[in-house]
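Note that the numbering runs from 1 along the sequence shown for the chain.
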Amino acid sequence: MRYTAEPAFVLHARPWRETSLLVEVLSAAHGRLGLVARGVTGPKKHALRAALQPLQSIRFDAVQTGELARLVAAEAVDAAPVLHGDPTLAAFYAHELCLRLAPRQVPQPELHLAYAKLRERLRAGDTLAWSLRRFERDLLESQGLGLPLDHDVDGATIDPAARYRLDPENGPCRLRSAREGEWREAATGRALLALAADVLPAPDDLASLRLPLRAVLLHHLGGRGLKSWDMLGELGRLRVPPATGR
């Protein structure tokens with residue numbers, strides 16, 4: 001199969017042999033693809049190497065003959081967001097989620113769009129925790145793993161004042177009574193309704209989404225966590241600033 005001027009985002013690149021790179025990209029029409037970029041060292045290949053950095057939007061030509069496609073050409077479409085500190089770790093986290101959950105060579109238009117939105121939110125400096133929770137929601141939806149967020153497993157409308165555990169297969173389960181630890185690890189109804197409506201919740205409600213969504217993701221990751229979770233220690237340390245309307 002031949003790809004010509006295929007739009008994609010670069011998720012990961014690592015050295016391979018002496019002069020080449022192994023690159024993972026996310027395209028809309030063909031999903032996640034593995035590329036072999038041969039002979040990318042040397043001063044004349046600077047533009048190509050720059051185009052193959054994570055977060056970069058590219059157009060590429062390649063030939064697929066096996067699991068990995070041979071890269072023929074690639075060019076940057078725009079300037080990738082320049083990130084520092086926590087946003088850089090957030091991007092690494094999003095890339096790792098895509099690499100672990102999105103299968104290769106399966107069309108992923110919804111995930112491609114979700115990634116494009118996250119990329120621009122990171123560029124704009126939007127509330128980081130909210131950007132990640134929206135991306136997690138959209139990633140799960142794109143893989144057919146999305147959960148209802150406006151009603152619980154019994155079909156009842158979400159109560160804004162209640163707390164809910166997220167069952168990875170069925171959705172929100174209302175907590176009638178729970179130990180303090182279980183209560184802290186459950187999402188508020190207000191947070192679930194805000195996520196369903198794509199409306200920024202209050203800081204405390206936003207913070208309540210992190211652990212329940214992580215539990216859902218961990219289930220679909222087969223119980224094997226992410227390197228980025230270890231790197232960050234706790235993603236909750238990305239403090240939620242006061243609502244800014246973003």
Side-chain angles (χ1 to χ4, degrees), residues 1-85 87-126 131-132 134-136 138-139 141-144 226-228 231:
M1 182 174 185
R2 182 176 294 274
Y3 308 104
T4 302
E6 181 70 26
F9 295 110
V10 179
L11 300 176
H12 183 68
R14 64 182 176 88
W16 183 64
R17 296 184 175 175
E18 293 185 359
T19 63
S20 303
L21 292 174
L22 295 179
V23 184
E24 293 281 345
V25 301
L26 179 65
S27 74
H30 303 283
R32 184 167 68 89
L33 299 171
L35 307 175
V36 178
R38 298 182 185 275
V40 297
T41 60
K44 294 183 179 180
K45 297 292 185 177
H46 174 76
L48 178 58
R49 289 198 306 276
L52 297 177
Q53 297 306 304
L55 277 174
Q56 185 62 63
S57 175
I58 64 171
R59 282 189 294 267
F60 72 91
D61 299 343
V63 178
Q64 185 96 45
T65 56
E67 183 180 358
L68 300 178
R70 178 175 58 84
L71 185 70
V72 176
E75 63 176 354
V77 172
D78 63 6
V82 177
L83 306 179
H84 303 283
T88 302
L89 294 176
F92 177 79
Y93 169 60
H95 292 166
E96 192 176 11
L97 276 178
C98 290
L99 293 171
R100 288 281 303 276
L101 287 177
R104 275 189 177 148
Q105 299 180 44
V106 175
Q108 299 275 301
E110 296 89 357
L111 180 55
H112 187 268
L113 178 60
Y115 180 89
K117 290 180 178 179
L118 174 65
R119 184 174 179 264
E120 292 312 306
R121 288 165 184 154
L122 292 175
R123 187 197 301 275
D126 287 2
S131 296
L132 291 178
R134 296 161 93 185
F135 181 72
E136 291 164 347
D138 295 343
L139 171 64
E141 287 282 354
S142 73
Q143 304 306 305
L226 301 174
K227 293 179 181 178
S228 48
M231 288 174 60

I want to check something: taking the side chain as every heavy atom from C-beta on, are Ser27 and Leu33 in contact at a cut-off of under 4.5 Å? yes

Sub-4.5 Å side-chain heavy-atom contact between Leu35 and Leu68: no

Are Leu139 and Glu141 packed together at the side-chain level, in the sense that at least one heavy-atom pair is separated by less than 4.5 angstrom? no

Under 3.5 Å, side chain of Glu120 to main-chain N/O of Ala116, donor-acceptor pair present? no

Straight-line distance of Cys98 SG to Glu24 CD, nearest 0.5 Å: 10.5 Å

Is the Phe9 ring parallel, tilted or perpendicular to the Tyr115 ring (thresholds 30°, 60°)? tilted

Minimum side-chain heavy-atom gap Val10-Ile58 below 4.5 Å: yes

Can you see whether Tyr93 engages Glu136 through a side-chain donor-acceptor pair at a distance of less than 3.5 angstrom? yes

Would the number of heavy atoms belonging to other residues, nucleotides or ligands and lying under 6.0 Å from CZ of Arg2 be above 12? no

In terms of side-chain geometry, is the basic nitrogen of Glu67 or Arg104 positioned less than 4.0 Å from the acidic oxygen of its partner? yes

Spatial distance of atom CG (Leu48) from atom CD (Glu75) [nearest 0.5 Å]: 11.0 Å

Gap between atom CG of Leu22 and atom CH2 of Trp16 - 0.5 Å precision: 6.5 Å

Is a donor on one side and an acceptor on the other found under 3.5 Å between the side chain of Glu96 and the backbone of Lys227? yes

Ion pair Arg119/Asp78, N-O distance below 4.0 Å: yes

For a quick check under 3.5 Å, do Gln143 and Gln108 share a side-chain donor-acceptor pair by atom type? yes

Side chains of Leu99 and His12: does their closest heavy-atom pair fall under 4.5 Å? yes

Write down the atom of His112, the atom of Leu26, and the distance for their closest heavy-atom approach. CD2-O, 3.3 Å

Using a strict 4.0 Å threshold on nitrogen-to-oxygen distance, state whether Arg70 and Asp61 make a salt bridge. no

Minimum heavy-atom distance between Leu122 and Ala91, given as atom pair plus value: CD1-CB, 4.0 Å

For the side chain of Ser131 and the backbone of Arg121, is there at least one donor-acceptor N/O pair under 3.5 Å apart? no

Less than 4.0 angstrom from a charged side-chain N to a carboxylate O is my criterion; do Glu6 and Arg59 meet it? no

Within the 4.5 Å heavy-atom criterion, are Leu52 and Leu71 side-chain neighbours or not? yes

